[in-house]
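Below you'll find the structure, written out as C-alpha cells, and then a few comments.
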Amino acid sequence: MNKLQRSDVPTILKTTLTLTVIASVAALLIAGADLLTRDRIAANTLEKEMSILHEYFGEPEYDGKSFDIEGDDHLSKYYVVRLDNDELSYVYRADGRNGFGEISLLAGIKEDAIIYSVRVIENGQSYGSTLEDNYLKPLYESNDKEDALNHVECSATSGAKLVRKLVLAAKEHYQKHFMEEAA
Amino acid sequence: MKSKKLTIFTNAITSENALFVSLLGLCPALAVTKSIESAFGMGVLFTFVLLGSNILVSSLRKLIPDAVRIPCYIVIIATFVTLVKMLANAFLPELYSSLGVFLSLLVVNCVILGRAEAFASKNGVVDSLLDALGNGVGFTLAIVLIALIREGLGAGCITFGKTFTFIAAWNNGKEIVIPLLKGPTWDYSLFVLINPAGGFIVLGLILAVLAAIKNSKENKKKVDAKLKKLIAQGGQAK
C-alpha cells in the first residue's frame, strides 16, 4: 500500500473542494426548488384529498375542517363526515412507508368501528400497479372491508400489509377515542 | 463546423438513437408507454434532465477529478431529477402520478449517465447541449411511437386530456378520445399489448421493421455498386 506523500495533499484538497462545491450547489438548487414548489405541492395534495373525500366518503362537516392527531406514527388528521343515512363517521388520513415506497390513504370508520371505505391517495410503491390490481381494487369493491384487508398475499404483499396496517391504525384510534368516549 | 454541430444533433435522433439503436433506457420505454400522454411527458422530463446534466458535466469536466467522476455525475443527475420531480409534482400533478417511481429511476437511466460519461465529459458545452437535445428528442420520439402502437391497438383508442388536463379543460372538460379498435358497441383491441409482455412485443416488432429497412438500403447499395461495376466493365469491353 502506497504511503501518503506530501505531494498528494494538493490533489486530495482539490478533490475534496470540488466535491464539496458540487454537493453544495446541488443542495442549494434543491432547496430553492423546494421553496418555490412547497406551497403549490401542499395545495395540490389537499385538493386531491378533498376530491377523494367528497367522491368516496361523503360530505365533510365543519366546512371541511380537519382535526390534527398528535403523537401517532401514521395518522396525521381526521375529518368528520356525514353519511347518506345521517350517521356521522370519521375519515382518517394515514401515511406509511416500507422498503418499496410510501403510501397515503383515507380510511373511513363509522359506528361500531366498521371500516366502510378505504381510498389510496398516493401509491409510491415499486410494485404499485400490482398492488392496485391485485389488492386495492378488490378492497374498494368489497362489502366487507375488514375481510378484504386480510387477503394480503397478492404479489405485492409488503404493500398490502402496509395498507392493512394503516387502516387498522385508524380503526384502533377510533375505538380508543370515540367508542370509549361514547361509552 | 455548422454541419458537424447539426450532425451531432441529427445522429442522436436517427443513426445513434439511444432506444432503437443502442437499446438503452428500456425501463421507462416499456413502463410508461401505455399511454401517449405519459410517454410524451416522460420524454420531455427526460430531455430536461439530460440537458441539465450534460451542460453541467461539460462545464465542470476539467474540474471533476477522474477518480470520482462517476459519483459526481450521479450527484449532478440526481439533483436535476429531484428538481424535475418537484416541478412536476407542483405544476403537472397528474403526470407526476402517472409516471410514479419511473421518474425517480431517471437517476440511474443508462442514456443519461452514458451521455455524461461518453460525450459531455469529453466535449464542449455547445456540443454537449446539442447531443443532449438530440438524444432527448430521439428518445421522446421513440417512446411516443411505442405508446402510439400500445395504446392505439392495445387499449383500442387514443385518449388525450387524462394526464394533461388542460387539454380536457380546452375541450369543455371532456377528454378527447380517438377510437381505433374499440367503440361504444364493439371491441377488437389487442389487450396483450397493454401488458408488460406487450411492450417487449411492440419494441421487438419496431426493431425488426427498422432492421429490415436498414438491410434493404444496404442491399440496394450493394446491388447499385455491382451494376455500376458491370456497366463499367461492359463499356471497357466495347
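What's counted below: heavy atoms across the whole structure, side chains too, no hydrogens, waters or symmetry copies. In what follows, chains are A, B, ... by sequence order, proteins preceding strands, each numbered from 1. Just so it is clear, the model here is predicted, and its values are computed rather than measured.
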Suppose we count any N or O donor within 3.5 Å of an acceptor, strictly below that value; which pairs fall between chain A and chain B?
unit_1: A:Arg40; atom_1: NE; unit_2: B:Ala90; atom_2: O; d: 3.4
unit_1: A:Asn44; atom_1: ND2; unit_2: B:Asn89; atom_2: O; d: 3.1
unit_1: A:Asn44; atom_1: ND2; unit_2: B:Ala90; atom_2: O; d: 2.7

Item to check | B:Ile76 versus chain A, the contacting section by heavy-atom distance below 4.5 Å | outcome: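 Just the side chain, heavy atoms under 4.5 Å.
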Checklist entry - chain A heavy atoms under 4.5 Å from B:Ile64: which part of the residue, side chain, backbone, both or neither? => result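 Both parts, backbone and side chain.
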Next on the checklist: My understanding is that only one of A:Tyr78, A:Tyr90, A:Tyr92 makes a side-chain hydrogen bond (donor to acceptor under 3.5 Å, both in side chains) with A:His173; could you say which?
Outcome noted: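 One option only clears the test, and that one is A:Tyr92.
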Within-4.5 Å side-chain heavy-atom neighbours: [X] and [Y]:
{"X": "A:Phe57", "Y": "A:Tyr79", "value": "no"}
{"X": "A:Leu139", "Y": "A:Lys145", "value": "yes"}
{"X": "B:Phe102", "Y": "B:Cys27", "value": "yes"}
{"X": "B:Phe119", "Y": "B:Ile8", "value": "yes"}
{"X": "B:Phe20", "Y": "B:Ile146", "value": "yes"}

Next on the checklist: Quick test of your reading of the model: are A:Arg93 and A:Asp95 salt-bridged, counting only N-O distances below 4.0 Å?
Outcome noted: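 Yes, this pair counts.
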Checklist entry - With only heavy atoms counted, which part of A:Leu19 is less than 4.5 Å from chain B, the side chain, the backbone, both or neither? => result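 It is the side chain, since no backbone atom gets that close.
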